[in-house]
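These notes are about the structure you will find just below.
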2 protein chains.
Amino acid sequence: MTAPLKERIRADLEARILSGEWPPGYRIPFESELTDLYGCSRMTVNKVLAGLAESGLIQRRRRAGSFVAQPALQSAVLRIPDIPHEVEARGEHYGFELVARERRGVGPKDPPASGLAPGEPVLALTCRHLASGRPFAWEERLISLATVPAAAEADFSAVPPGTWLLRHVPWTEAEHRITALNASPALAASLDLPPGGACLSVARRTWRGDGTLTYVQQVFRGDLYSLGARFAP
Amino acid sequence: MTAPLKERIRADLEARILSGEWPPGYRIPFESELTDLYGCSRMTVNKVLAGLAESGLIQRRRRAGSFVAQPALQSAVLRIPDIPHEVEARGEHYGFELVARERRGVGPKDPPASGLAPGEPVLALTCRHLASGRPFAWEERLISLATVPAAAEADFSAVPPGTWLLRHVPWTEAEHRITALNASPALAASLDLPPGGACLSVARRTWRGDGTLTYVQQVFRGDLYSLGARFAP
DNA sequence: ACAACGAGTATGTATATACATAATCGCAGG
DNA sequence: CCTGCGATTATGTATATACATACTCGTTGT
């Protein structure tokens with residue numbers, strides 16, 4: 001109740017953007033309209049919108065208005081890699097195989113680190129990424145159908161699920177857990193590695209607001225992949 | 001020349017903080033003093049200081065004033081790990097061995113990714129981190145003596161160089177490159193691993209303003225270490 | 001001596017106002 | 001029809017002002 005006005009305005013605008021009520025590209029009301037809507041001065045609205053722009057949630061253009069930003073393929077701090085994009089940026093041909101696709105509930109066999117509740121409906125996907133025809137990465141993914149119902153209809157035989165998600169669903173937070181592991185015989189066969197070859201495992205959990213969007217474990221050939229991150233305090 | 005006033009003020013304050021002219025804990029001038037100094041209104045100064053506070057560069061306390069923040073041991077986005085701190089947080093005893101220490105110029109053998117110019121004076125350090133007496137990580141580091149002259153006098157037999165740097169030198173930007181590799185026989189011996197065991201390699205370059213502070217490659221036992229990062233777009 | 005209270009003050013928030021800036025839209029002219 | 005120019009307009013920056021808030025410090029009273 002006694003929360004500062006500008007915080008309440010900011011929370012309200014953020015909620016509309018994150019809920020999808022104002023999708024990417026949507027032109028949000030002008031400062032003058034928001035001034036009327038919230039019954040405050042333009043300076044107050046202006047400071048809120050300037051803050052949202054600095055946070056990257058909206059883009060502002062003089063005379064045109066303020067627009068909800070497109071979901072960022074990459075951030076300045078640390079990016080969620082889009083594997084096809086990265087492979088092609090190295091001048092190689094990208095290939096993709098969908099190994100398994102199943103709609104089911106979260107079971108006891110799924111990693112508890114996924115943050116998905118047992119029984120929650122998910123789309124479970126297993127796939128393999130290729131660079132110039134050579135196996136490159138192995139991916140096992142769970143997508144929450146409660147948070148991303150549209151995933152049930154997506155054609156993941158053509159577009160890898162990571163790419164599809166980055167293009168269609170905005171995310172607000174992500175967590176990586178990165179480890180090195182020796183390839184098991186089965187994994188070595190899938191990645192065309194000698195058994196025991198070093199692999200880089202990236203487990204990522206992605207949120208949108210409070211709900212977990214997706215949990216994915218990607219295992220890369222250590223000799224073909226490195227992960228970069230640039231950041232500031 | 002025609003740069004917006006608030007940007008010039010912000011740049012000026014940031015420069016004083018990053019140069020060390022205003023060290024951590026220093027009470028920066030009151031808004032009223034800055035108002036006089038820059039010949040502008042308090043609102044303008046207030047917005048600049050509010051921005052600096054949101055970026056974490058300063059902390060503000062009513063009635064007391066605004067203070068330069070302590071260099072952050074960890075950031076909200078992605079941290080530079082302080083290995084002793086992490087080991088002890090897991091309930092293990094931390095140990096440290098300085099293997100080599102040499103003051104020299106950057107040579108052709110040093111990795112070009114370090115970003116240090118050939119011939120630039122550096123302190124080259126090699127050390128080993130132990131957790132509960134067991135080898136844990138192997139570290140090779142270059143510290144630029146042009147940027148951090150105080151490093152020449154520091155006692156790195158007691159405090160690991162990473163910890164010393166985090167405590168004494170503020171940084172503005174860092175870059176990680178993370179790879180998985182199979183341990184060479186020599187590395188395997190140093191880390192008490194079977195030859196070929198998977199290791200996680202973290203190469204990090206750290207800047208302060210324009211100058212490279214340090215370049216370090218840390219190789220961790222893959223079975224004992226994972227790297228976490230949590231971030232937002 | 002010490003706790004409680006109150007004055008003073010730096011920051012926090014909000015408003016009204018003014019002018020600068022830049023990009024879009026529409027209209028006029030070729 | 002297409003181009004270019006000017007009017008319009010939403011944002012960007014800055015000022016002056018006002019009051020709220022919370023913390024510090026000094027003083028007062030027990």
Side-chain angles (χ1 to χ4, degrees), chain A residues 1-18 21-70 72 76, chain B residues 1-17 21-70 72 76 233:
Chain A
M1 258 323 186
T2 58
L5 184 49
K6 67 178 189 177
E7 285 179 23
R8 290 198 294 120
I9 296 176
R10 172 151 186 160
D12 187 36
L13 297 180
E14 278 184 348
R16 295 201 205 222
I17 293 171
L18 292 180
E21 180 184 342
W22 290 348
Y26 180 87
R27 206 217 75 220
I28 74 174
F30 297 129
E31 290 188 354
S32 57
E33 298 177 278
L34 293 172
T35 290
D36 291 346
L37 213 167
Y38 294 108
C40 64
S41 76
R42 185 169 84 90
M43 276 303 298
T44 305
V45 167
N46 181 294
K47 277 197 277 191
V48 171
L49 293 185
L52 288 175
E54 197 169 349
S55 307
L57 257 173
I58 64 173
Q59 280 188 314
R60 314 200 72 192
R61 274 162 47 212
R62 287 187 150 135
R63 170 69 223 246
S66 303
F67 300 82
V68 176
Q70 300 293 331
Chain B
M1 258 313 196
T2 58
L5 184 50
K6 66 177 190 177
E7 284 178 23
R8 291 198 294 119
I9 297 177
R10 174 155 185 157
D12 187 37
L13 297 181
E14 278 185 348
R16 296 200 203 223
I17 292 171
E21 179 185 343
W22 291 347
Y26 180 86
R27 206 217 75 220
I28 74 174
F30 296 128
E31 290 188 355
S32 57
E33 299 176 276
L34 292 172
T35 290
D36 292 347
L37 213 167
Y38 295 108
C40 65
S41 76
R42 185 169 84 89
M43 277 304 297
T44 304
V45 167
N46 180 294
K47 278 197 276 191
V48 171
L49 293 186
L52 289 175
E54 198 170 346
S55 307
L57 258 174
I58 63 173
Q59 279 188 315
R60 314 199 71 190
R61 274 163 45 212
R62 286 185 153 144
R63 167 69 221 243
S66 303
F67 301 83
V68 177
Q70 302 293 330

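Note that these values count all heavy atoms, side chains included, but never hydrogens, waters or copies made by symmetry. Chain letters run A, B, ... following the sequence lines, proteins first, then strands; residues in each count from 1.
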Carboxylate-amine/guanidinium proximity below 4.0 Å for A/R16 and A/D12: yes

Rounding to an integer number of Å, can you tell me how far B/E33 CD sits from C/dT9 P? 13 Å

For nucleotides 3-13 of chain D, give me one character per nucleotide, 5' to 3': B if any protein heavy atom sits under 4.0 Å from the base, S if the only such contacts are to the sugar-phosphate, - if neither. -----BBBBBB

Spacing between B/R27 atom CZ and D/dT24 atom P, to the nearest angstrom: 14 Å

Would you say A/T35 and A/R42 are linked by a side-chain donor-acceptor pair, where the criterion is simply a distance under 3.5 Å? no

Over all atoms of both residues, closest heavy-atom pair of A/I9 and A/C40: CD1-SG, 3.9 Å

Closer than 4.0 angstrom, basic N to acidic O: yes or no for A/K47 and A/E31? no

I'd like to know if the side chain of A/E7 and the backbone of A/P4 have a donor-acceptor N/O pair within less than 3.5 Å. no

